[in-house]
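Below is one structure, written out as structure tokens, with a few remarks after it.
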Amino acid sequence: LLVVESGQLRALLDEAELGKDRGDALRAAIQHAPQSWGARKGYVDYLLQRGDKTAAIGELRGFLEAYPFRAETWRLLAAQL
């Protein structure tokens with residue numbers, strides 16, 4: 001869990017200080033903890049901010065296949081369809 005949170009913070013710092021795209025760091029955070037909704041939501045929000053709605057929907061659907069009980073995930077998916 002600490003790896004995920006530190007990865008997300010590093011991504012935000014790199015973006016703010018260096019202008020570096022944070023997508024790779026957010027994706028790495030998901031790989032360290034695929035069950036983490038917070039990490040997944042951060043990545044989905046990033047994709048939506050970039051206008052990559054198709055990838056965001058894919059991420060949400062993939063997460064829901066493994067964890068179908070998350071109401072917030074269903075709501076976010078419904079908002080994108």
Side-chain angles (χ1 to χ4, degrees):
L1 185 61
L2 208 49
V3 171
V4 173
E5 290 178 7
S6 65
Q8 289 175 312
L9 288 174
R10 171 54 48 204
L12 290 172
L13 286 172
D14 284 349
E15 182 180 49
E17 293 176 354
L18 308 172
K20 185 177 175 184
D21 185 69
R22 61 189 167 133
D24 290 339
L26 292 173
R27 186 76 180 143
I30 290 172
Q31 291 173 347
H32 286 298
Q35 76 285 359
S36 171
W37 168 241
R40 185 76 53 160
K41 185 173 184 315
Y43 185 59
V44 168
D45 288 344
Y46 161 80
L47 291 171
L48 291 172
Q49 288 172 0
R50 292 192 50 158
D52 197 349
K53 192 173 183 178
T54 303
I57 289 171
E59 286 292 329
L60 290 168
R61 285 185 173 163
F63 189 78
L64 284 168
E65 284 179 17
Y67 308 100
F69 54 86
R70 293 215 52 105
E72 184 180 359
T73 311
W74 285 105
R75 282 192 295 269
L76 187 53
L77 178 61
Q80 302 312 312
L81 297 177

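- Within 6.0 Å of CG in Asp21 there are more than 12 heavy atoms belonging to other residues, nucleotides or ligands.
- Minimum heavy-atom separation, Lys53 to Leu48: CA-CD2, 4.2 Å.
- Rounded to the nearest 0.5 angstrom, Leu77 CG and Gln80 CD are separated by 8.0 Å.
- A donor-acceptor contact shorter than 3.5 Å links the side chain of Arg40 to the backbone of Pro34.
- Residue Val44 forms a side-chain contact (heavy atoms from CB on, under 4.5 Å) with just one option from Ile30, Leu60, Asp52, and that option is Leu60.
- A salt bridge between Lys41 and Glu59 is absent, with no side-chain N of the basic residue lying under 4.0 Å from a carboxylate O of the acidic one.
- A donor-acceptor contact shorter than 3.5 Å links the side chain of Trp74 to the backbone of Pro68.
- Note that CG of Leu76 and CG of Leu81 are 9.5 Å apart. Values are rounded to the nearest 0.5 Å.
- Under the 4.5 Å side-chain contact rule for hydrophobic residues, Trp37 and Leu26 do not share a cluster.
- By the 30° and 60° cut-offs, the orientation of the rings of Tyr46 relative to Tyr43 is parallel.
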